[in-house]
Engineer: 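Take this structure first; my questions come after.
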There are 2 protein chains.
Amino acid sequence: MSQTQMLKGIIDGCLLAIINEEECYGYEMATRLSHYGFSSISEGTIYPVLLRLQREELVSSTRKQSTAGPKRKYYNLTQKGEDELAVFLRNWNEISRNVNAVITREVEEEEK
Amino acid sequence: MSQTQMLKGIIDGCLLAIINEEECYGYEMATRLSHYGFSSISEGTIYPVLLRLQREELVSSTRKQSTAGPKRKYYNLTQKGEDELAVFLRNWNEISRNVNAVITREVEEEEK
DNA sequence: ATTGTTTACCTTGTATTACAAGATATACTC
DNA sequence: GAGTATATCTTGTAATACAAGGTAAACAAT
């Protein structure tokens, strides 16, 4: 029951949400995630996810010059990516509601 | 980004919470979960989790006669299980807060 | 020029886990 | 005795987070 396990299926959705805010590159997403409170999501986690999102055609990327370092790979959402983000938000809200129901012992209306 | 993936590390915590409410057996936990809104968590998922929780000494079990069917295996939390439930609740609250921060674009106070 | 630091990206292997699909068995009803 | 609801367990598969490591560019300092 580590946090690692609880992050499964959540990181990709969060990255879609971050990219949706604004065109962004991997290295910066790591710092963004930490600003949002995720303290321990490393690049070894983020980059493989981004490659997968691109393979699934949820994001597109363009390389741009950096001021200090190798070229950055900026990501944007595709239409498919926007759709998937909407699915993620629905799923997150549902699961979130259900878990909170369990831990506060509140049975859902339609199931009473 | 299926719901399956998003449930990883969450089901065990929810089962601990349910057992903590009241002594309970696997078959009933399935129906309890559906009352809490989880529509598709099957017994093939629940039983292996319960066996794992017991192997990790988070729960103990006693067999009791059923009115209709084979004996039920009632589970209780051990002290270790109560501690682990507290850890789960902390982790869930943290992750939940962070994800909500990402999707509402609200940067956490201490990270501003 | 060489050393170090920060930026930036990627790959490989491991461990964990949810779940479908199936198997087994008990108690009750018709 | 056949059918149904109850109750538990096992096996194999697919997905994913992450540590650990590797590569390389730009710049500063010595």
Side-chain angles (χ1 to χ4, degrees), chain A residues 1-16 23-34 38-56 58-59 61-75 84 88 91 95 98-99, chain B residues 1-16 23-34 38-56 58-59 61-75 84 88 91 95 98-99:
Chain A
M1 205 151 52
S2 61
Q3 270 180 315
T4 286
Q5 289 300 323
M6 295 176 70
L7 290 174
K8 298 216 171 174
I10 285 179
I11 293 178
D12 44 7
C14 286
L15 291 183
L16 289 179
E23 191 181 53
C24 194
Y25 59 100
Y27 194 80
E28 196 192 3
M29 294 185 207
T31 61
R32 289 259 193 113
L33 282 176
S34 79
F38 289 108
S39 50
S40 59
I41 297 181
S42 72
E43 300 158 33
T45 299
I46 292 176
Y47 288 117
V49 173
L50 290 173
L51 294 177
R52 196 185 81 225
L53 294 178
Q54 187 158 32
R55 201 170 53 242
E56 291 170 352
L58 303 178
V59 298
S61 68
T62 55
R63 290 199 169 267
K64 293 188 185 176
Q65 201 65 45
S66 164
T67 54
K71 285 188 173 177
R72 295 169 179 163
K73 204 166 157 190
Y74 279 88
Y75 289 92
E84 189 61 27
F88 168 75
N91 284 339
I95 288 173
N98 294 345
V99 173
Chain B
M1 206 150 54
S2 60
Q3 270 181 315
T4 285
Q5 289 300 324
M6 295 175 71
L7 290 175
K8 299 221 169 172
I10 286 179
I11 292 178
D12 44 7
C14 286
L15 291 183
L16 289 179
E23 192 181 52
C24 194
Y25 58 101
Y27 194 80
E28 196 192 3
M29 294 185 207
T31 61
R32 289 259 194 112
L33 282 175
S34 79
F38 289 108
S39 50
S40 59
I41 298 183
S42 72
E43 299 156 32
T45 298
I46 292 175
Y47 288 116
V49 173
L50 290 173
L51 295 176
R52 197 186 79 225
L53 293 179
Q54 187 159 32
R55 201 169 56 241
E56 292 170 350
L58 304 179
V59 298
S61 68
T62 55
R63 289 200 170 268
K64 293 186 184 177
Q65 201 65 45
S66 164
T67 55
K71 285 188 174 177
R72 296 170 178 163
K73 204 167 157 190
Y74 279 88
Y75 289 93
E84 189 61 27
F88 168 74
N91 284 340
I95 288 173
N98 295 345
V99 172

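Note that the structure is predicted; figures quoted are calculated from it, not measured. Chain identifiers are assigned alphabetically (A, B, ...) following the order of the sequence lines, protein sequences preceding nucleic acid strands; residue numbering begins at 1 within each chain. Keep in mind that the numbers below use all heavy atoms, side chains included, and drop hydrogens, waters and symmetry copies.
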Engineer: For residues 65-74 of chain B, dump all side-chain donor-acceptor pairs below 3.5 Å to protein atoms at least two apart in sequence or in another chain.
Structural biologist:
from	atom 1	to	atom 2	distance (Å)
B:Ser66	OG	B:Ala68	N	3.0
B:Arg72	NE	B:Tyr25	OH	3.3
B:Arg72	NH1	B:Tyr74	OH	3.2
B:Arg72	NH2	B:Tyr25	OH	3.4

Engineer: Among D:dA17, C:dC19, C:dC9, which is the nearest nucleotide to the side chain of B:Ile11?
Structural biologist: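 For the B:Ile11 side chain, the nearest candidate turns out to be C:dC19.
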Engineer: How is B:Gly26 classified with respect to the nucleic acid when contacts are heavy atoms under 4.0 Å: base, sugar-phosphate, or nothing?
Structural biologist: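 Here B:Gly26 touches the backbone only, sparing every base.
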Engineer: Between A:Arg52 (CZ) and C:dT11 (P), how many Å, whole number?
Structural biologist: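 Whole-Å distance recorded here is 15 Å.
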Engineer: Roughly how far, to the nearest 0.5 Å, is the OG atom of B:Ser34 from the CD1 atom of B:Ile41?
Structural biologist: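 Here the rounded value is 9.5 Å.
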Engineer: Check the distance between C:dT7's C1' and A:Tyr74's OH and give it to me in whole angstrom.
Structural biologist: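 Answer to the nearest Å: 12 Å.
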Engineer: Does B:Lys64 put a side-chain nitrogen or oxygen below 4.0 Å from OP1 or OP2 of D:dA7?
Structural biologist: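 Indeed not, no polar side-chain atom of B:Lys64 lies that close.
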Engineer: Which of the following nucleotides, C:dC19, D:dA17, C:dC10, is nearest to the side chain of A:Leu7?
Structural biologist: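 Nearest to the side-chain atoms of A:Leu7, counting from C-beta on, is D:dA17.
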Engineer: For A:Gln3 and A:Ser40: C-alpha separation, side-chain torsions, deciding distance, then whether side chain to side chain donor-acceptor pair (under 3.5 Å) applies.
Structural biologist: CA-CA 10 Å; A:Gln3 270 180 315; A:Ser40 59; 5.1 Å; no
Engineer: For the pair made of CD in B:Glu43 and P in D:dT6, what is the distance, rounded to whole Å?
Structural biologist: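 These atoms are roughly 10 Å apart.
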Engineer: Quick one: closest heavy-atom pair of B:Ser61 and B:Gln54, and the distance?
Structural biologist: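 For B:Ser61 versus B:Gln54, the nearest heavy atoms are OG-NE2, 2.9 Å.
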Engineer: Rounded to the Å, how far apart are B:Gln54 CD and D:dT10 C1'?
Structural biologist: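 Computing the B:Gln54:CD to D:dT10:C1' distance gives 16 Å.
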Engineer: Report yes if at least one side-chain N or O of A:Tyr47 is closer than 4.0 Å to OP1 or OP2 of C:dC10; otherwise report no.
Structural biologist: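 For A:Tyr47, the contact criterion (side-chain N or O under 4.0 Å from OP1 or OP2 of C:dC10) is not met.
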Engineer: Contact between A:Leu33 and A:Ile46 at the side-chain level, heavy atoms closer than 4.5 Å - yes or no?
Structural biologist: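 They are in contact (side-chain heavy atoms under 4.5 Å apart), so the answer is yes.
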Engineer: Within the 4.5 Å heavy-atom criterion, are A:Thr62 and A:Glu23 side-chain neighbours or not?
Structural biologist: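 Counting from C-beta outward, A:Thr62 and A:Glu23 do come under 4.5 Å.
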Engineer: Which atom pair, heavy atoms only, marks the closest approach of A:Gly9 to A:Phe88?
Structural biologist: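 For A:Gly9 versus A:Phe88, the nearest heavy atoms are O-CE1, 3.8 Å.
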Engineer: Rounded to the nearest angstrom, tell me the gap between atom CD in B:Gln5 and atom P in C:dA20.
Structural biologist: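 So the CD-P distance, B:Gln5 to C:dA20, works out to 13 Å.
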Engineer: At less than 4.0 Å, is any side-chain N or O atom of A:Tyr25 found next to OP1 or OP2 of C:dA8? Yes or no.
Structural biologist: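 Indeed, a polar side-chain atom of A:Tyr25 lies that close.
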Engineer: How close do B:Met6 and A:Ile95 get, heavy atom to heavy atom, and via which atoms?
Structural biologist: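 Heavy atoms of B:Met6 and A:Ile95 come nearest at CB-CD1, 3.6 Å.
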Engineer: Distance check: side-chain N/O of B:Tyr27 vs OP1/OP2 of D:dT6, anything under 4.0 Å?
Structural biologist: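 Result: yes.
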Engineer: Given C:dC19, is OP1 or OP2 found less than 4.0 Å from the side-chain N or O atoms of B:Ser42?
Structural biologist: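 Answer no for this pair, as no side-chain N or O of B:Ser42 is under 4.0 Å from OP1 or OP2.
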Engineer: Can you tell me the distance, in whole Å, between the CE atom of B:Met29 and the P atom of D:dC9?
Structural biologist: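 After rounding, the reported distance stands at 11 Å.
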Engineer: Over how many whole Å does the gap from A:Leu50 atom CG to C:dC9 atom P extend?
Structural biologist: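 Taking atom P of C:dC9 as the reference, CG of A:Leu50 is at 9 Å.
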Engineer: C:dT26 C1' sits how many Å from B:Arg72 CZ, rounded?
Structural biologist: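 Between C1' of C:dT26 and CZ of B:Arg72: 12 Å.
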Engineer: Give a yes/no answer on whether the side chain of B:Lys8 brings an N or O atom under 4.0 Å of OP1 or OP2 in C:dC19.
Structural biologist: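 Looking at the OP1 and OP2 atoms of C:dC19, neither is under 4.0 Å from any side-chain N or O of B:Lys8.
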Engineer: Any side-chain N or O of B:Thr45 under 4.0 Å from OP1/OP2 of C:dC19?
Structural biologist: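 For C:dC19, OP1 or OP2 has a side-chain N or O of B:Thr45 closer than 4.0 Å.
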Engineer: Summarise protein proximity over nucleotides 24-30 of chain D in one line of letters, 5' to 3': B for base, S for sugar-phosphate only, - for none, counting protein heavy atoms closer than 4.0 Å.
Structural biologist: BBSS---
